[in-house]
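The sequence lines fix the lettering, A, B, ..., with proteins before strands; numbering per chain opens at 1. All values below were derived from every heavy atom in this structure, side-chain atoms included, with hydrogens, water molecules and symmetry-related copies excluded. These numbers come from a predicted model, not from an experiment.
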Number of protein chains: 2
Amino acid sequence: MESKPLPRPQVSRTAAKQATRALVIRTASRAMRRDGIAATGVAAVMAKAGLTHGGFYAHFASKDALAAAAIDAAFAESSRRIARRVEGLAPAAALAAWIELYVTTSHRDDRSRGCALTALGSEASRGGDAMPAALARGMAQLTDRLADWLAAIDDPAPAATAGAMLAEAVGAITLARVLGATAASDALLTATRASLRRRAGIPA
Amino acid sequence: MESKPLPRPQVSRTAAKQATRALVIRTASRAMRRDGIAATGVAAVMAKAGLTHGGFYAHFASKDALAAAAIDAAFAESSRRIARRVEGLAPAAALAAWIELYVTTSHRDDRSRGCALTALGSEASRGGDAMPAALARGMAQLTDRLADWLAAIDDPAPAATAGAMLAEAVGAITLARVLGATAASDALLTATRASLRRRAGIPA
DNA sequence: GCTTTCATATGATCACTATCATATGAAACG
DNA sequence: CGTTTCATATGATAGTGATCATATGAAAGC
C-alpha cells in the first residue's frame, strides 16, 4: 500500500511536463498582471494555455503557488529585457536606458508585459507567504542592479538611491495607470523621467 | 400599475438612510483598503456594518459603485488628516509634515486607514469607469495641494514636482509593503523621506 | 387609529470558483 | 507486443460571489 516500487522517473516525459508547466506559468503571468490575481481564474489560464483545468493540480499545489511562479517568471522576463537593453552600455548610460525603458507610456499601457511590482505589488503583498517572497526576490534583484550602476558613478549611497529611484518609477507607473492614457498621465511620466535622470546624475 | 401618485419624499427618513449609507461606505473603505476590492464581499461589508446583505442594492447600484464611493471616502479621510496635521504651518513646513505623515512605517503597516492610491491604485484602475475616476479626483486634489506648497517655496515647476513626489511616496509605500515590517523596508522608507525632503528643498 | 411608504431583512438564484476523484490514451519499458 | 506509467481530460463537489424578489415592521401622514 505504501511501498515504493519506484521504477525511477523518466526524463523525456518530465521534460514535456516542464514545458507545459512553463507555458501555464507564462500564460498566468500575463493574465495576472493584466487582470489581477483574484480576477484570473485557474480554469481560464489553463484554457488560454490550450489545456483543461483538470491537470492543474498535477503542476501546482494551489493557485497561490501558481501566482508566485508567475511573479518569478515576470521578473525573469523583465530582467532579460533589461539585460538586452543595457548590453555593453556604461553605468550612466545603462541607468538612463533603464529609465527610458521603465517610465514610459508603453509600460503604462501594456500591463500584461509590465513590471510585476506595479501590477501585483499591492495585491500580492496582502496574501500568503510565497507571493510576497517572490516579489521581494525580484525587487532585490532589481535594486541590486540599479545600485551597481549607481556605485559605478560614485553615488554616495547606492542602495538607498536605488530604492528611492525604484519607488519613484513604480509609483509613476501606478499613478499614470490611474490617469489612463491622458495628457496629464503623459506629463507625469515625462516629469518622472526627468526627475530620475537628475537623480542619477544624468544631465540632458 | 405604472402610475406615480407621488406623495413627495420625506426628509428625516432620508437622513437616516444617508447615515447608514455613510456607515456602509466607511466600512467598505476600510475593508477594501485592507483586503482589496475583489476580496471584500458585499455581504461581509454589510455584516460588519451591522446590517444584512439584503438592503445593499437600495443604497448602491453595484459593488463597483460602492467601491467608487469608498475611494472618495478614503480621500476625504486622508485629506482631513493632512489638513489637521499642517494647520497653520508655512509651506515648507507643511511639505515636511506631509512627508512625515505619508512615508512612515505606520502608513505601511495600517493598510485600512492608508492612502487609497497605494492600496487600490492598481486594482481599481483596471475596472469600470467610476473607480478610476474617483482615484483620479483624489489624486488631483492631493497633487494640487502639494503643488501649492511647492509654488510658495519657488519651485520652478510645481505641478511636475508634485507629481513626481507623489509618485515616489506611493511607490515607497508599495515597495515597503512588499518587504513587510523588515529592516530593509524601514531603510527604504527612511531613504525615501530623505530623498523627498531634499527635493522639496528642505535641509535637515 | 388606520393606511401607506420605505428602509432593511429573509431567502433564493445563478454564475463561477478552487479543488479533487477518476478516466483515458499515448508514450516508455520490458 | 503487452504492460505500466503518467500527463492530461472529464466530470463532480462544495463554497462563495453578486444580484434580485419578496417579506416585514416601524415610522409618516391622514
Rounded interatomic separation in angstrom, taking [atom1] from [X] and [atom2] from [N]:
X: B/L51; N: C/dA9; atom1: CG; atom2: C1'; value: 10 Å
X: B/Q18; N: C/dC6; atom1: CD; atom2: P; value: 14 Å
X: A/F56; N: D/dT8; atom1: CZ; atom2: C1'; value: 14 Å
X: A/F60; N: D/dT8; atom1: CZ; atom2: C1'; value: 14 Å
X: A/M46; N: C/dT17; atom1: CE; atom2: P; value: 14 Å
X: A/L66; N: C/dA18; atom1: CG; atom2: P; value: 10 Å
X: B/H59; N: D/dT19; atom1: NE2; atom2: P; value: 15 Å
X: A/K63; N: C/dC20; atom1: NZ; atom2: P; value: 15 Å

Self-check item: Shortest non-hydrogen contact between B/G163 and B/T143, atoms and distance
Solution: CA-CG2, 4.3 Å
Self-check item: A/S122 to A/S125 - nearest heavy-atom pair and separation
Solution: O-OG, 3.1 Å
Side chain of [X]: nearest nucleotide among [options]?
X: A/V42; options: C/dT10, D/dT19, C/dT19; answer: C/dT19
X: B/H53; options: C/dT10, D/dT10, C/dT8; answer: C/dT10
X: A/K17; options: D/dT8, C/dT8, C/dT19; answer: D/dT8

Quiz item: Side chains of B/S185 and B/R108: is there a donor and an acceptor less than 3.5 Å apart?
Solution: yes
Self-check item: A/R33 and A/T118 side chains, donor-acceptor separation under 3.5 Å
Solution: no
Self-check item: Within residues 40-51 of chain B or reaching into it, pairs that qualify as side chain to side chain donor-acceptor pair (under 3.5 Å) - sequence neighbours excluded
Solution: none
Practice problem: Could you tell me whether the phosphate oxygens of C/dC20, OP1 or OP2, come under 4.0 Å of any side-chain nitrogen or oxygen in A/Y57? | Solution: no
Quiz prompt | N or O in side chain of B/T20 less than 4.0 angstrom from C/dT8 OP1/OP2 | solution = yes
Quiz item: Of A/A39 and A/A61, whose nearest nucleotide on DNA chain C comes first from the 5' end?
Solution: A/A39
Exercise. Using a heavy-atom cut-off of under 4.0 Å over every strand shown, decide if A/G54 touches base, sugar-phosphate, or nothing.
Key: base
